[in-house]
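Before any comments, here is the structure.
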Number of protein chains: 2
Amino acid sequence: MKTAPAREPVDASALRELRAIVGADHVRHADGDVTAYARDATPLFHARPDAVVHPASTEEVAAVLRLAGARSIPVVPRGAGSNLCSGTVPLAGGIVLVLTRLDRILEVSGDELLAVCQPGVTCAALADAAAARGLLYAPDPGSRSVATIGGTVATCAGGLRGLKYGVTRNYVLGTETVLATGEVIRTGGRLWKDVAGYDLTRLLTGSEGTLGVITEVTLALLPAPAAGGNGLAYFPGLADAGRAVAAIIAAGIVPATLEFLDAKCVEAVERFAGLGLRRDAGALLIFGDDGEPAAVARQLDRMAELCLAAGAIEATVAGRAAESEALLAARRCTLPALSRLGSITILEDAGVPRPQIPAMVGHIDAIAERYDLTIATFGHAGDGNLHPTCVVDAGDDEAVERAHLAFAEIFRTAMRLGGTITGEHGVGAAKLPYLAERLGTAQVDLLRRIKAAFDPAGVLNPGKVGS
Amino acid sequence: MKTAPAREPVDASALRELRAIVGADHVRHADGDVTAYARDATPLFHARPDAVVHPASTEEVAAVLRLAGARSIPVVPRGAGSNLCSGTVPLAGGIVLVLTRLDRILEVSGDELLAVCQPGVTCAALADAAAARGLLYAPDPGSRSVATIGGTVATCAGGLRGLKYGVTRNYVLGTETVLATGEVIRTGGRLWKDVAGYDLTRLLTGSEGTLGVITEVTLALLPAPAAGGNGLAYFPGLADAGRAVAAIIAAGIVPATLEFLDAKCVEAVERFAGLGLRRDAGALLIFGDDGEPAAVARQLDRMAELCLAAGAIEATVAGRAAESEALLAARRCTLPALSRLGSITILEDAGVPRPQIPAMVGHIDAIAERYDLTIATFGHAGDGNLHPTCVVDAGDDEAVERAHLAFAEIFRTAMRLGGTITGEHGVGAAKLPYLAERLGTAQVDLLRRIKAAFDPAGVLNPGKVGS
């Protein structure tokens, strides 16, 4: 069973109906208004939507979906558009349904350790609201300042704290979701333990807008740790950094942060931000932890020692909070730093088992050399999620083509090492060509049957996972 | 769409084929051999299977499912049969597929913090294998000494550490699963971060044998905490204990253990085990934590102080490991202690938001009185998962009927308070009558379509969730 996806355009009568649902101000179809929604943060993918619709309520979302279903118009839900796998590019045209007007935080409860919010709230805003109550919203994707809760739930976003804190799915307790038919369901609820029915909450998390439109989310919070800190170690090469990571894990430490940058990333960051990083090392490891102040200080010192024992050239623990934040800023600015090296930055997202990271980066470097490309790699050493990043020039079609071939080899290498084609960005259209290789055809067929069970008319985000 | 469930009996030719697949010794159909598989640990539900089949490999499971699909024979996967919602009772007859011969632990990796095992391994055996490597398998359902990994994954089992450590779903990284068609898929893998495709790993977790037969599981482990300890506090009533729980959470403590027993449970445990518990209190709270020794000692002292400040009659921290274990033993023997009070013990599994626990137990007591029943309540104060337990005599049909009516009211009350009909036991046939009330008919219809997407012939566990 494969859904025949919706493909009808938004005609004048559909526009009239859409205006009646959300108000004329919130339906746009002029070129100048919709071209910004032809792309998300994924390079090379774009497709013009017929209309961009900004609903303000669950009821409006449901009415738009009923209309779209009746007229076989594709609907692509979208938050901030910071997606990195073309998940929100409207490949089949139709409606881009922008959920940023649904931007209210409905509840932050210290008693119940949870928050309830609408999908258009940014991760940072939710984290700030939690922090104001002494609470932590743990998921912290790189795009947290702009990315919306709805988008990060739809992609099951990861971040810098994956090993210790898990990913978005670990924090989604419940959703309100509008099905493609316009029916509104509530999945899960406010409880940590609830096994009434199949786990639709987790199935929707990471479904990339193909199974339903999430209009409300209940998220688990944690008490904010009393203290946190970071340190940094330089190594001759990634193999040495890999030994340090193994030693940290073997010592029973599950650090909040364990990020690495290869030499190319360090060089780019230093040129971009002038943070005073050493340029003579082969790899940089940023380690950090949070918790009780004394325990954090002890863990940081211990991690620095383990790095030195594994062959670090230098290992230091940030003395004050500002220094500690500066270290994470170095990691967070890796992407903007790399993107200055060319006009197109292809940020990828493979994953391998933690012990395979040095081997994987070695393979990436060899592949880059073979295809005559600049590919720098940074990522999450704690959970094996790597971001090989290729920088090319927009005019150089031949280099873009080589980049595609190189990434195909990178994904295959990751799978061969027991890993995956996407750790935290999603499938979108960008990874769809590799999905059958990752999951097998029997499983991909099953995904299509699940998609059809949710969205028999193929209205939601056609051309993506489940298609 | 609703699956027309398989209903054909296992006839002589099917028996011949089954023997050819798994060997004659591993197919049983005589009364004496199959009656034990007519029930699980749920009282009042039973149905005789036509045959009991014990496969030894994934290939044998797949062959049995192909045969069953071709002949429209129901198949009910089963581990230890410790299920408490009749999830493994073969309501439509057919084959009970017992997975206990698939009992190998295939890998325990300290480097990758994971284990790979077959479904027939018990929770306790896996936890022991992990502990031998200095690692922790966190889920610890009450039945852990007999319950199998396959069964606890299929039910998304909880346990005593839910608030701090989450439930089974938080630890399942990947599965090998045989679909109803006999196709074998591998979901997820070895990574914490992997978003390639819909989250079938979590969808299968908690699917109660209705979507596939899990034949291998990859589970996340944690470094074993260096120390752990427990304490105990007696309160005049549950409202006081509830205030203590709120104060503990407000203090930023997320304890590993936070279990309560009402006065009826304390009385039963004391009569059963003679542990020296006080019988003059209205509620008992067992609190515990694990981690670095100094931090654990500090948290335990703090929790004892918070209990006293909230009105505890007495609060003590166990001095030594043996005493600490004895406290948990008191909690773990609550069910056997209660079950001595009558010949049928109906152990239920409602959930409410944590702040609603005292109100919920008040409602349970009022309902028990109204229906002239003995219902004692214990449970997980940290995550709001309550086990109201009704003890009746097998011969007293009228009391059994009153118990059903009382539990229906209890479930409705839990839902009214923002809770659920099952926190950790599952839906099975026991909770199926309440599922539409919990989820709404649109969602129940969607569960049926998902079931049909996995199992179009309705072979797997008919009459349960998704039916």
Side-chain angles (χ1 to χ4, degrees), chain A residues 110-113 134 155-156 158 162-163 166-167 169-170 183 185 189-199 202-203 205-207 222-223 246 249-250 252 254 292 295 351 353-355 383-385 418-424 426-427 435 438-440 442-443 446-447 449-450 453-454 465, chain B residues 110-113 134 155-156 158 162-163 166-167 169-170 183 185 189-199 202-203 205-207 222-223 246 249-250 252 254 292 295 351 353-355 383-385 418-424 426-427 435 438-440 442-443 446-447 449-450 453-454 465:
Chain A
D111 278 0
E112 294 190 47
L113 292 176
T155 51
C156 187
L163 179 65
V167 294
R169 92 164 65 85
N170 299 106
E183 290 169 304
I185 62 172
R190 300 169 75 89
L191 306 179
W192 270 233
K193 284 182 179 169
D194 188 352
V195 292
Y198 300 143
D199 191 350
R202 253 60 56 173
L203 184 60
T205 303
S207 67
L222 298 168
I249 301 295
V254 179
E292 291 296 312
R354 188 170 42 242
D383 54 44
N385 183 203
T420 190
I421 56 174
T422 174
E424 58 184 5
V427 175
L435 200 62
R438 171 72 186 91
L439 302 179
Q443 190 169 172
L446 178 57
L447 299 192
R449 295 196 301 271
I450 294 169
F454 276 84
V465 59
Chain B
D111 278 1
E112 294 191 48
L113 293 176
T155 51
C156 187
L163 179 64
V167 295
R169 90 164 66 86
N170 299 105
E183 291 168 303
I185 62 171
R190 300 168 74 89
L191 306 179
W192 269 236
K193 282 183 181 169
D194 187 353
V195 291
Y198 300 142
D199 189 351
R202 251 63 52 175
L203 184 60
T205 303
S207 67
L222 298 168
I249 301 295
V254 179
E292 291 297 312
R354 187 171 42 241
D383 53 43
N385 183 202
T420 190
I421 57 175
T422 174
E424 58 185 6
V427 175
L435 200 61
R438 170 75 185 90
L439 302 179
Q443 190 168 173
L446 178 58
L447 299 191
R449 295 196 301 270
I450 294 170
F454 276 84
V465 61

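So that the names make sense, note that chain A is the first sequence line, chain B the second, and so on, each numbered from 1. Everything numeric in this text was worked out from a predicted model, so none of it was measured.
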Fill in the blank from the handout: Heaviest contributor of heavy-atom pairs below 4.5 Å to chain B, chosen from Gly252(A), Pro223(A), Gly158(A), Ala196(A), is Ala196(A)
Problem - Residue among Gly166(A), Gly419(A), Gly197(A) with most heavy-atom pairs under 4.5 Å to chain B - result: Gly197(A)
Handout entry: Distance in Å, Thr422(B) OG1 paired with Asp194(A) CG, rounded so as to fall on 0.5 Å steps
Key = 7.5 Å
Fill in the blank from the handout: Value for CG (Leu203(B)) from OH (Tyr198(A)), rounded to nearest 0.5 Å, stands at 8.0 Å
Which bit of [X] is near chain B, if near means a heavy-atom gap under 4.5 Å: side chain, backbone, both or neither?
X: Leu163(A); value: both
X: Ile450(A); value: both
X: Glu292(A); value: side chain
X: Pro353(A); value: both
X: Val167(A); value: side chain
X: Ala246(A); value: neither
X: Leu447(A); value: both

Fill in the blank from the handout: If you tally heavy-atom pairs under 4.5 Å between each of Gly110(B), Pro355(B), Ala295(B), Gly206(B) and chain A, the highest tally belongs to Pro355(B)
Grab the two heavy atoms, one from [X] and one from [Y], that are nearest each other, plus how far apart they are.
X: Lys193(B); Y: Thr420(A); answer: O-CG2, 4.1 Å
X: Ile249(A); Y: Asp111(B); answer: CG2-O, 4.1 Å
X: Glu183(A); Y: Ala442(B); answer: OE2-CB, 3.6 Å

Handout entry: Residue Leu222(B) versus chain A: region with a heavy atom under 4.5 Å
Key = neither
Practice task
Please look at Ala250(B) and chain A and tell me whether the side chain, the backbone, both or neither of the residue comes under 4.5 angstrom of a heavy atom of that chain.
Solution key: neither
Practice task
With the side chain counted from C-beta on, respond yes when Val195(A) and Thr155(B) share a heavy-atom pair under 4.5 Å apart, and no when they do not.
Solution key: no
Exercise for the section: List for me each residue that meets salt bridge (charged side-chain N to carboxylate O under 4.0 Å, His left out) alongside Asp199(B), sequence neighbours excluded, and say none if there are none. Expected result: Arg169(A), Arg202(B)
Exercise for the section: For Glu112(B), check side-chain hydrogen bond (donor to acceptor under 3.5 Å, both in side chains) against everything at least two apart and list the hits. Expected result: Arg190(B)
